[in-house]
Structures are given as C-alpha cells and as structure tokens.
A.B. asks: 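For reference, the structure I am asking about is given below.
Keep in mind that the numbers below use all heavy atoms, side chains included, and drop hydrogens, waters and symmetry copies. Owing to the predicted nature of the structure, the values given are computational and were not obtained by experimental measurement.
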Amino acid sequence: MGYRIAGRLAAMGSLVLAGGLCAGELPRVAPAEVGMSEARLVRVAERMDSLVAQGEFPGMLAMIARRGGVVFEHAVGTLDVETGAPLEMDSLMRIYSMTKPITSVAAMTLVEDGKLLLDAPVSMHFPEWDELKVLQDGEQVPANSAVTARHLLMHTAGLTYGYYGDTPVDRMYREAKLIDDWDYLTHDTRELVEKLSDIPLLFQPGSRWHYGFSSDVLGHLVERVSGQPLDAFFRERLFVPLGMNDSYFDVPESVLARFGTDHYVVDGEVIVQDSPREDPEFRGVTFLSGGGGLVMTADNYLRFCLMLVNGGSLDGARILSPAAVDLMTTNLLADADSANGDGFGLGFAIAPDGAARGALTPGSYYWGGAAGTFFWIDPQLELVAVFMPQRIGTPPWIQQTLQNMVYAAVE
C-alpha cells in the first residue's frame, strides 16, 4: 500500500504523484505543473490512511487527474478480509451504480449512430411496453405518454427499484420477484423488461425524478437496438477504444486474485457482504446490469471520466461528440424537480448553483455506487477524481470530507 506523487514514492507506501510513463499508461504529471499542491494531495492520502486505520473501511483506493494528467493515486488497506490480500492500484472494485453513466454513454452512441431516438417511444423496441399503466389514486390508468429513452436516461420513466421504498408499486416489484435486498432475481434484463410491462408505473412518464430500474432497462434497450449483448457492446464501443481492459460484468478466474470482499461496517466490526469466491452478481452472471453490474480498476474508470472531460474522446478514440457530452451533463430537470437536491442530465447528477454539493463547482457532474465508490468531473477546473472503497452504507460525510480536501489542493 502507499501513495505516489510527482514521481517519488512516499514513505507511507504507494502514493503516486506523477512520474514515468509505461506503454498504455495514462500520463502522470507533477501536481505543480497543473496547478495542484503536492503537500495538500499528500494530506488526502493521509486522510485515507486514517479512515482505514480507524476502521471506516478495510481498504480504499483513489486516483485524481487534472488537465489530462494523473497527479495522485493511492491504495491503502485490505482487498480481501478473508485472505488478508492487500489492496493495490490494480485491484478490481465493484462500482455498482457507477455503471449507470457508462450505460448512458453507450445509449448515446446509438443516438449518434442514428439507431435510437431520445424522444421516441421505447415500445418501438419493446412491443410489450405498448400499453403501460400508471398507479394513480389506487387505480391503474393508462399512461398519458410513452416511456422514452430520455426518460430512462433521466430517471423520469416512472420506474422504482422495489427494495428501498414501500409504495404499492414497490410492493408489486417485490411480489414479482424482481429484486431482493441485494441481488437481482430475474434471469436477465429481457425477463426484467417483460415483467415490468405487467406492473404499473409509479407516476406518469416525465413528470418527476425517481431512482429505479431505468438504467437496467436502458441497458436492455441498448441490447435490442444494437443486436449485441451488453457486455459485447461495451467492449466494442467503449472498453477497447478507451483502453478499459480491466472491466467486467463477470469476473474471470484469471483475474480473481485481484477481486476482493465487499463489506458492511457495524459498530466497528467488518461484516462480509460478498466474497469473490461466491458472488452471484459478479460471478457466473446472466443478468448484465446496466444499472449496477460492473467491476473494474480505478484506472479504467478514470479513463472513462477523462474521455468525458475531454469532450467525448481519449487518446484519439472518439466515443461521443462534444455536443452529446454537453447535453448529458446539463441539468434537464424542471425547476420544481431535483435528484435529491441536485440537477440531473442524461445519466449524471449535476451540482447546482449554491452549496448543495459542498465544494463541487456548479456544473460539476458525478455519481456513486452502493459500496461507497464515487467520482466527480469538474469541467471548469478540468479536474477528475475517483474514490473506491468497498463498504455498503458508507457515511456521506466521508465523501464530502475527501471532496473538500481535493479542492483544497487546487491552487
């Protein structure tokens, strides 16, 4: 473990700030070259170390880049509490809902290919969704508009998840066995879409924001439009062009040693949620979840983020047009609506004017995952940060603390 900064290896271990560049690696730059404070980045590593030492996480890793160059990478603690294997920078991490922005980008490539329309009914591709109902005042009434790809991208389709709410529609999801407290229960996303066609929507499409199965449905829409399984489409259109060669729906045996345990922390005790030796969400997978199904390295997610902050391209690989990135990262919610207090674009939460997101510059976009992973992209400062613990129920103050410390390093 340890940290690297500006080509030197600190005494703590592997904190990296810049240094040499091997083939296929992202460029490393000295913090001062891109307006960052080396001393204050060291404090970020020290805070991560203290969070692990205090028992908040078994382990945690992070990468930070500015103006296209990596200025910070740090891994501390344990990857697998059952074997004692240490966390390393190439460890594979469950990103859960940080999969959603990737699925959103995949869908937008089909829009730019002329194969998918943002505002056309998805029933063009899902005939079973032709006559959806909405639960309204206890009665099932016809939807007054069709669900579209835009609704799925914005989480305004009227879908919920079923495992964290207790509306009548959430209870119908549970009765239909779509999901339990943690694992998907349908065999694949085709079955999910078919079952959802028989359950009313929570509200009229487009009327408000609500977190739910939208990205999983969007992932299956990508499959139907492209004619490819989601993993194959991601590999061809995103992972290979961007050099994201350590990204998986189903973790293969050949890299299993780099995949660790997932955890709760209760009263200071680490409780294993999932083990790499038995994890139905990421081993032997049939449900390719566009909403939460990916495992990858921090480097791979950083590559995805750098493509976005660079206007849709990285190292000569053009994934989206700058116009598409701008649309995706602009708040499209009505003034009276919000995504838990923030704006929302096509797959990303958007930090609003004001202090709702603490240190984040207005216009920054971000998301997180159930195991405490989070990232944000600040286009004004050309700043990207990716933090990856593996703790279910990570306290929000930890993310806010680390964000504040990263911004304090900007000079």
A.B. asks: Near Glu278 CD, under 6.0 Å, is it more than 12 heavy atoms from other residues, nucleotides or ligands?
C.D. replies: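 No, the 6.0 Å shell around CD holds no more than 12 heavy atoms from other groups.
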
A.B. asks: Report the distance from atom CH2 of Trp209 to atom CZ of Phe203, rounding to the nearest 0.5 Å.
C.D. replies: 9.5 Å

A.B. asks: Side-chain donor-acceptor pair under 3.5 Å between Thr160 and Tyr173, yes or no?
C.D. replies: no

A.B. asks: If you measure only the distance, is there a donor-acceptor pair under 3.5 Å linking the side chains of Ser247 and Asn300?
C.D. replies: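 The answer is yes; a qualifying pair exists.
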
A.B. asks: Go through the side-chain N and O atoms of Tyr366 and Asp342 and say whether any donor and acceptor fall under 3.5 Å apart.
C.D. replies: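 Side chains of Tyr366 and Asp342: pair found under 3.5 Å.
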
A.B. asks: Counting the benzene-type ring for Trp, do Phe282 and Phe249 have ring centres under 6.0 Å apart?
C.D. replies: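 Between Phe282 and Phe249, the centre distance exceeds or equals 6.0 Å.
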
A.B. asks: Answer yes if the side chains of Asp231 and Tyr248 hold a donor-acceptor pair under 3.5 Å, and no otherwise.
C.D. replies: no

A.B. asks: What verdict does the side chain to side chain donor-acceptor pair (under 3.5 Å) test give for Thr297 and Asp90, after you've listed the backbone C-alpha separation in whole Å, the side-chain angles of each residue and the deciding distance to 0.1 Å?
C.D. replies: CA-CA 6 Å; Thr297 59; Asp90 66 349; over 6 Å; no

A.B. asks: Is the count of non-hydrogen atoms from other residues, nucleotides or ligands lying under 6.0 Å from Met124 atom CE greater than 12?
C.D. replies: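 Incorrect, the count does not exceed 12.
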
A.B. asks: Between the side chains of Glu82 and Arg277, is the shortest nitrogen-to-carboxylate-oxygen separation below 4.0 Å, so that they form an ion pair?
C.D. replies: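 Salt bridge: yes.
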
A.B. asks: Is it the case that the side chains of Gln399 and Thr394 hold a donor-acceptor pair, with the cut-off being a distance below 3.5 Å and no angle test?
C.D. replies: no

A.B. asks: Working to the nearest 0.5 angstrom, can you tell me the gap between Leu185 CG and Ile179 CD1?
C.D. replies: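 Nearest 0.5 Å value for the CG-CD1 distance: 7.0 Å.
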
A.B. asks: Would Glu191 and Lys195 pass as an ion pair if we require N to O under 4.0 Å?
C.D. replies: yes

A.B. asks: Between Glu281 and Arg94, is there a side-chain N and carboxylate O pair less than 4.0 Å apart?
C.D. replies: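 Salt bridge between Glu281 and Arg94, a charged N being under 4.0 Å from a carboxylate O: no.
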
A.B. asks: I'd like to know whether Phe304 forms a ring-ring contact (aromatic ring centres under 6.0 Å, His included) with Trp367, so could you lay out the CA-CA distance, the side-chain angles of the two residues, the decisive distance to 0.1 Å, and finally the verdict.
C.D. replies: CA-CA 13 Å; Phe304 173 73; Trp367 205 240; over 10 Å; no

A.B. asks: Any carboxylate oxygen within less than 4.0 angstrom of a Lys/Arg side-chain nitrogen, looking at Asp113 and Arg237?
C.D. replies: yes

A.B. asks: Using a strict 4.0 Å threshold on nitrogen-to-oxygen distance, state whether Arg258 and Asp246 make a salt bridge.
C.D. replies: yes

A.B. asks: Can Leu218 and Leu153 be said to form a side chain to side chain contact (heavy atoms under 4.5 Å, CB included), step by step?
C.D. replies: CA-CA 7 Å; Leu218 184 69; Leu153 283 156; 3.6 Å; yes

A.B. asks: If we check ring-ring contact (aromatic ring centres under 6.0 Å, His included) with His220, which of these qualifies: Phe287, Phe233, Phe126?
C.D. replies: Phe126

A.B. asks: Do Glu112 and Ser321 pair up side chain to side chain, a donor and an acceptor below 3.5 Å, judged on atom types alone?
C.D. replies: yes

A.B. asks: Would you say the side-chain atoms of Ser97 and Lys100 include a donor-acceptor pair closer than 3.5 Å?
C.D. replies: yes

A.B. asks: Please step through side chain to side chain contact (heavy atoms under 4.5 Å, CB included) for the pair Ile102 and Met296, ending with a clear verdict.
C.D. replies: CA-CA 12 Å; Ile102 295 174; Met296 65 178 62; 3.7 Å; yes

A.B. asks: Please confirm whether the ring centroid of Phe344 lies under 6.0 Å from the ring centroid of His155.
C.D. replies: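 Between Phe344 and His155, the centre distance is under 6.0 Å.
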
A.B. asks: Going by distance alone, is a donor N or O of one side chain under 3.5 Å from an acceptor N or O of the other, for Asp188 and Thr286?
C.D. replies: no

A.B. asks: Which heavy atom of Leu288 sits nearest to which heavy atom of Pro229, and what is that distance?
C.D. replies: CD1-CB, 4.4 Å

A.B. asks: Would you say the side-chain atoms of Thr401 and Asn404 include a donor-acceptor pair closer than 3.5 Å?
C.D. replies: no

A.B. asks: Go through it in stages, so that I can follow the logic: the residues are Tyr365 and Leu360, the test is side chain to side chain contact (heavy atoms under 4.5 Å, CB included), and I'd like the CA-CA distance, side-chain angles, deciding distance and then a yes or no.
C.D. replies: CA-CA 9 Å; Tyr365 48 101; Leu360 294 194; over 6 Å; no

A.B. asks: Would you call Glu56 and Arg391 a salt bridge, using N to O less than 4.0 angstrom?
C.D. replies: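 Yes, charged N to carboxylate O under 4.0 Å.
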
A.B. asks: Ring centroids only, cut at 6.0 angstrom: are Trp376 and Tyr301 within range, meaning strictly under it?
C.D. replies: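 Aromatic pair excluded; centres sit 6.0 Å or further apart.
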
A.B. asks: Whether Arg208 and Asp337 form a salt bridge (side-chain N of Lys/Arg under 4.0 Å from carboxylate O of Asp/Glu) is what I want to check.
C.D. replies: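 Between Arg208 and Asp337 there is no salt bridge, as every charged N stays at least 4.0 Å from the carboxylate O atoms.
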
A.B. asks: Using the side chain to side chain contact (heavy atoms under 4.5 Å, CB included) rule, take Met328 and Val105 through it: C-alpha gap first, then chi angles, then the decisive distance, then the call.
C.D. replies: CA-CA 9 Å; Met328 296 184 76; Val105 166; 4.0 Å; yes

A.B. asks: Show the numbers, then the answer: is there a side chain to side chain donor-acceptor pair (under 3.5 Å) between Thr361 and Asp378?
C.D. replies: CA-CA 7 Å; Thr361 303; Asp378 187 328; 2.7 Å; yes

A.B. asks: Centre-to-centre under 6.0 Å for His263 and Phe57, is that the case here?
C.D. replies: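 No, the ring of His263 stays outside the 6.0 Å limit from the ring of Phe57, centre to centre.
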
A.B. asks: Please report the C-alpha distance between Tyr96 and Thr373 in whole Å, then the side-chain angles of each, then the deciding distance to 0.1 Å, and finally whether the side chain to side chain donor-acceptor pair (under 3.5 Å) criterion is met.
C.D. replies: CA-CA 8 Å; Tyr96 288 116; Thr373 60; over 6 Å; no

A.B. asks: Do Gln228 and Glu236 have side-chain N/O donor and acceptor atoms under 3.5 Å apart?
C.D. replies: yes

A.B. asks: Any ion pair linking Asp274 and Arg283 (charged N to carboxylate O, less than 4.0 Å)?
C.D. replies: no

A.B. asks: Any Lys/Arg nitrogen of Asp170 or Arg174 sitting under 4.0 Å from an Asp/Glu carboxylate oxygen of the other?
C.D. replies: no

A.B. asks: Of all the heavy-atom pairs spanning Pro276 and Gly260, show the shortest one and how long it is.
C.D. replies: CD-O, 3.2 Å

